[in-house]
Amino acid sequence: MKYAAAWSAIACQVLETPYPYGSAHASASPDDVDVTPDRLHPAFHGSYDWHSSAHMQWSLVRLLTLAPDQAGHRPIEVLDQRLTPEAIATEAAYLRDHPSYERPYGWAWAAMLVAAAQKLPQAKNWADALTPLGDTIADLVLEWLPRQAYPVRHGVHLNSAFALALLLEAYDDLGRADVVDAIRARALEWFGADTAYDTRFEPSGTDFLSPALTEAELMRHVLPADEFATWLTAFLPGLGGDAHQHLLEVPITDDSGDGQLAHLSGLALSRAWQLRTIAPALPDAAEVLRHGADRQLEAVLPTVTDGDFMSTHWLVSFALLASQA
């Protein structure tokens, strides 16, 4: 795998960078103010924040799965320190005590980490340690979905479709039919009847997701292939032809160290991933969509490893999604 060594190295580097760190911890009392990263989150510290730490650890597991020789031994050392029964028990207890924390974005990435570890034969110790976290997130998802009346459709962390797509994939791999069925049902309720989506106002200024393409990626998982093709044609009519052309172009990106503007590099990568996954459903436009994906991935690749920390602490995960689609 061409970039495995460089991506593995930067993922380890940012995970071992303790500050800056955004804890997002809401203190409940004067005694609840210890937000030292590794004390509050012994598994998911470093890499700026909880969710980025979770998905950069997913990146390391994926790199060890896809290209173990290139990834090297350092990821194993990093993950051995993080994915211990004691650390994961602390993380699971924190989520149970703070049931809206990192909902749903961080939950989705943590579930993806649990599922990835289960599929790596030499990661049995990590997989065993992570199992309680996967069970905790499953319980939280099943409790949350019936209460979430409306989906969140914008292009940042709270986007409902993005989280549901990852959660569905993870819990399908983990054999949790109850969670998968609940996600499928909610996705159909929220998005199944959507048509003629207006993408003229994408992107917003700090998006790292295309609301339109992210919804399409979720429905690709939910619907049988023939039904998805019909749904997609109605949802984004003219995609790859005379409509929605800006979704195929490289967004204006920023690597100044502004964490919000750095999102736009992630937008290029998430678009590349999603354009590639939905392309088979539109055979007449598939090559156009893939070329659009290639342009966006190639434009951002240097930033994934050589950019400011506010880019490098998270982009590897999205580059992996884009390059493996």
Which residue, Phe228, Phe191, Tyr197, forms the ring-ring contact (aromatic ring centres under 6.0 Å, His included) with Phe235?
Tyr197
For [X] and [Y], which I'm curious about, is there any donor-acceptor pair between the side chains at under 3.5 Å?
X	Y	value
Arg96	Thr136	yes
Glu227	Trp231	no
Ser53	Gln57	yes

What class does the angle between the rings of Trp109 and Tyr105 fall in, given that below 30° is parallel, 30 to 60° is tilted and above 60° is perpendicular?
perpendicular
Parallel, tilted or perpendicular, as decided by the 30° and 60° cut-offs, for the rings of Tyr3 and Trp7:
parallel
Does Leu158 sit in a hydrophobic cluster with other residues, and if so which ones, taking ILVMFWY side chains as linked at heavy-atom separations under 4.5 Å, directly or through other members?
Val152
For the residue pair [X] and [Y], establish whether any side-chain heavy-atom pair is separated by less than 4.5 Å.
X	Y	answer
Leu83	Ile88	yes
Pro75	Ser8	yes
Thr230	Asp226	no
Asp80	Asn125	no
Ser256	Asp308	no
Glu249	Arg295	yes

Any ring-ring contact (aromatic ring centres under 6.0 Å, His included) pairs touching residues 81-100, not counting sequence neighbours?
His25-Tyr94, His25-His98, His41-Tyr94, Tyr94-His98, Tyr94-Tyr101
May I ask whether [X] and [Y] are part of the same hydrophobic cluster, defined by side-chain heavy atoms of I, L, V, M, F, W, Y residues being less than 4.5 angstrom apart, directly or through others?
X	Y	result
Tyr19	Trp314	yes
Phe318	Leu264	no
Leu247	Leu267	no
Leu261	Leu209	no

With distance as the sole test, does [X] use its side chain to make a donor-acceptor pair with the main-chain N or O of [Y] at under 3.5 Å?
X	Y	value
Trp58	Ala54	no
Arg186	Leu145	yes
Arg82	Leu15	yes
His263	Thr206	yes
Tyr171	Ala138	yes
Ser204	Asp207	no
Asn159	His154	yes
His55	Leu113	no
Arg271	Val250	no
Asp32	Ser29	no

Working to the nearest 0.5 Å, report the span between [atom1] of [X] and [atom2] of [Y].
X	Y	atom1	atom2	result
Leu168	Asp181	CG	CG	9.0 Å
Gln13	Thr17	CD	OG1	5.5 Å
Asp254	Ser265	CG	OG	8.0 Å
Leu140	Glu102	CG	CD	12.5 Å
Gln70	Lys2	CD	NZ	13.0 Å
Ile183	Leu164	CD1	CG	5.5 Å

So, for [X] and [Y], which heavy atoms are closest and what is the spacing to 0.1 Å?
X	Y	result
Pro42	Glu91	N-OE2, 3.4 Å
Gly155	Pro211	N-CG, 4.0 Å
Asp255	Ser311	OD1-OG, 2.9 Å
Leu289	Gly240	CD2-CA, 3.8 Å
Trp50	Ala110	CH2-CB, 3.9 Å
Thr312	Gly307	CG2-O, 3.3 Å

Quick one: do Glu77 and Arg74 make a salt bridge, cutoff under 4.0 Å?
no
Look at Arg290 together with Asp294 and state whether they make a salt bridge at an N to O cut-off of under 4.0 Å.
no
Would you check, one step at a time, whether the test side chain to side chain contact (heavy atoms under 4.5 Å, CB included) holds for Met310 with Asp258?
CA-CA 7 Å; Met310 295 310 292; Asp258 186 307; over 6 Å; no
Pairs under 3.5 angstrom only: tabulate donor-acceptor contacts from the side chains of residues 215-225 to other protein residues two or more places apart or in another chain.
unit_1	atom_1	unit_2	atom_2	d
Glu215	OE1	Arg153	NH1	3.1
Glu217	OE1	Arg220	NE	3.0
Glu217	OE1	Thr277	OG1	2.5
Glu217	OE2	Arg220	NH2	3.0
Glu217	OE2	His221	NE2	2.9

Looking at Ile252, I want to see if its CD1 is surrounded by more than 12 non-hydrogen atoms of other residues, nucleotides or ligands under 6.0 Å.
no
Tyr48 atom OH, over 12 foreign heavy atoms within 6.0 Å
no
Starting from the C-alpha separation in whole Å, work towards a yes-or-no answer on ring-ring contact (aromatic ring centres under 6.0 Å, His included) for Phe162 and His157.
CA-CA 8 Å; Phe162 180 83; His157 300 86; 9.3 Å; no
Could you go through the side chain to side chain contact (heavy atoms under 4.5 Å, CB included) check for Gln274 and Thr214 one step at a time?
CA-CA 7 Å; Gln274 293 159 352; Thr214 300; 3.2 Å; yes
